[in-house]
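Comments concern the structure below.
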Amino acid sequence: MGRTNVIDGSKLAAALRQRVGEIAAQLHRETGIMPGLATVLVGEDPASQVYIRSKGRACTASGIAAFDIRFPLDVAERRLVAEVERLNRDGRIDGILVQLPLPAQIDAQRIISVIDPAKDVDGFHPFNIGRLWSGLPTMVPCTPQGCLRLLRTVHDELSGADAVILGRSNIVGKPLAALLVAANCTVTMVHSRTKDIPDICRRADILIAAAGRPRMVGAGWIKPDASVIDVGINPVVGPDGRNRVVGDVDYEPVAAIAGAITPVPGGVGPMTIACLLLNTLLAACRRRGLPDPLL
Ligand code: NDP
């Protein structure tokens, strides 16, 4: 067993953001176009506020105009639909991101379906999901895209690898399965109704944990030298009584067995934001019939 390769998501994300920034600057110089991202936040959930703030800051640093739109928790669904329709028509906006989860009175799928697929930088619109599964050019959802980019730094070839995804959500597990199938992996998805999860995980060359359960994945679940991607972001109170964030993977014992692993924080999280910037840049180019920038 070799030394564990800790995949530095912060460093990879910084490089991707810089590249997006360079291409956005060139686009602006040559055409006067500045890509624009509108984020829509309903309510005052502290975690969502942190995400929205960091997305806004990342946009500004990469030369993307950020439009921060907020609604109170009790906003009516029709008001939100009207706002998304307005953003669809607004020529300054290339990407629309509605921060999930939404409050109970709002049907999130309805809102996602109203977003113009060309501006759907999260890649959650059914049209874009269908294109993803069909292997057609689309907006690749940011977190799964980030996972794949991280995996590619340690796997020259993914073809034939046994990949297990823990979690089947629409935003992580399912689109990631589409990407890994397209990369010729043999994909197994496990979820809350799956029998013998540890046994299935132990067969994985690649294990992606996206269950939202702090430190659920223990060392006994890991095949020696497997690559482990930890998507989980779980707030916990540390032994010192302070709030911190841990992943779905019990990091130290798992790192001792895995061949490669992503830390939390500093793994998938920063890549998600970098991929959001990239998708906004792609949307800005595609909407105007320009070729995809090479990245
Ligand atoms: P969801 O709650 O939507 O989905 C969780 C999935 O995990 C479900 O499919 C669920 O199964 C499964 N699951 C939950 N508990 C168990 C269990 N005990 N055993 C087996 N399967 C289980 O979560 P998300 O996909 O939205 O997010 C997952 C995690 O990733 C969270 O910690 C979230 O904060 C984080 N996240 C991180 C991002 C990043 O940028 N790094 C971005 C998005 C999410 P079932 O379907 O049967 O209920």
Side-chain angles (χ1 to χ4, degrees), residues 7-14 16-17 39 41 45-58 97-102 104 108-109 112 121-124 129 139-151 163-180 187-202 204 207-218 220-221 228-236 243-251 261-279:
I7 307 173
D8 188 342
S10 299
K11 191 168 153 195
L12 286 162
L16 183 55
R17 281 166 54 170
T39 53
L41 176 61
D45 173 59
S48 297
Q49 286 184 336
V50 170
Y51 294 144
I52 289 290
R53 249 199 317 277
S54 47
K55 284 165 185 171
R57 271 200 302 265
L97 179 151
V98 179
Q99 185 68 40
L100 303 176
L102 290 167
Q109 278 306 328
I112 289 168
V121 282
D122 258 339
F124 297 159
I129 294 169
M139 283 291 160
V140 178
C142 302
T143 301
Q145 182 183 163
C147 292
L148 190 66
R149 287 175 180 272
L150 292 169
L151 275 174
V164 172
I165 304 172
L166 171 57
R168 56 173 167 179
S169 71
N170 287 340
I171 66 172
V172 187
K174 285 179 194 163
L176 187 54
L179 290 179
L180 291 176
V187 178
T188 307
M189 301 182 75
V190 300
H191 46 77
S192 67
R193 309 296 169 90
T194 305
K195 286 177 267 177
D196 265 337
I197 293 180
D199 206 35
I200 296 169
C201 291
R202 264 192 302 276
L207 176 62
I208 292 125
R213 299 279 179 259
R215 302 194 189 93
M216 178 181 175
V217 177
W221 297 29
V228 179
I229 305 289
D230 190 353
V231 181
I233 300 180
N234 306 296
V236 295
N243 294 333
R244 54 192 285 248
V245 163
V246 297
D248 287 356
V249 174
D250 196 5
Y251 184 82
I261 188 165
T262 60
V264 176
V268 176
M271 283 302 284
T272 296
I273 295 190
C275 292
L276 173 67
L277 303 180
L278 173 56
N279 280 356

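Every number for a ligand or one of its atoms is a count from 1 in the order of the listing. Residue numbers run from 1 in the order of the sequence given. Side-chain atoms are counted along with the backbone in the values below, which use heavy atoms only and exclude waters and symmetry mates.
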For this session: Assess whether side-chain contact (heavy atoms from CB on, under 4.5 Å) is satisfied between Ile208 and Leu176, documenting all intermediate values.
Result: CA-CA 9 Å; Ile208 292 125; Leu176 187 54; 3.4 Å; yes
For this session: Work out whether the distance between some heavy atom of Met271 and some atom of ligand 1 is less than 4.0 Å.
Result: no
For this session: Report yes or no: does Ala210 have a heavy atom closer than 4.0 Å to ligand 1?
Result: yes
Would you mind checking which non-hydrogen protein atom is closest to [atom], with the distance to 0.1 Å?
atom	answer
atom 44 (C) of ligand 1	Val172 CG2, 4.1 Å
atom 18 (N) of ligand 1	Met216 CE, 3.5 Å
atom 26 (O) of ligand 1	Ile171 CD1, 3.4 Å
atom 42 (C) of ligand 1	Thr143 OG1, 3.2 Å
atom 40 (O) of ligand 1	Thr272 OG1, 2.8 Å
atom 47 (O) of ligand 1	Ser192 OG, 2.4 Å

Can you sort out which atoms of ligand 1 are near [X], meaning under 4.0 Å from one of its heavy atoms?
X	result
Asn234	32 (O)
Ile197	19 (N), 20 (C)
Ser169	3 (O), 4 (O), 9 (O), 24 (P), 25 (O)

What do we get for [X] next to ligand 1 when only non-hydrogen atoms under 4.0 Å count, side chain, backbone, both or neither?
X	answer
Ile233	both
Thr194	neither
Val231	both
Arg213	side chain

Under a 4.5 Å cut-off applied to non-hydrogen side-chain atoms, are [X] and [Y] in contact?
X	Y	answer
Val268	Ile233	no
Trp221	Ile197	yes
Val245	Val236	no
Thr143	Ile171	no

For this session: Pick, from Pro270, Gly269, Gly212, the option with the minimum heavy-atom distance to atom 31 (C) of ligand 1.
Result: Gly212
Seminar exercise, completed: Restricting to heavy atoms, the pick from Ala211, Pro101, Gly9 nearest atom 5 (C) of ligand 1 would be Ala211
Please check if the side chain of [X] supplies one atom and the backbone of [Y] the other of a donor-acceptor pair under 3.5 Å.
X	Y	answer
Thr262	Asp230	yes
Arg202	Gly220	yes
Asn279	Val140	yes
Ser169	Val172	yes
Asp196	Asp199	no
Asn234	Gly247	yes
Asp122	Phe124	no

Sub-3.5 Å N/O-N/O distance, [X] and ligand 1:
X	value
Arg168	yes
Arg193	no
Val190	no

Exercise. Do Gln145 and Arg149 have side-chain atoms, one donor and one acceptor, less than 3.5 Å apart?
Worked result: yes
Exercise. Is atom 11 (O) of ligand 1 close to the protein, meaning a heavy atom under 4.0 Å from it?
Worked result: yes
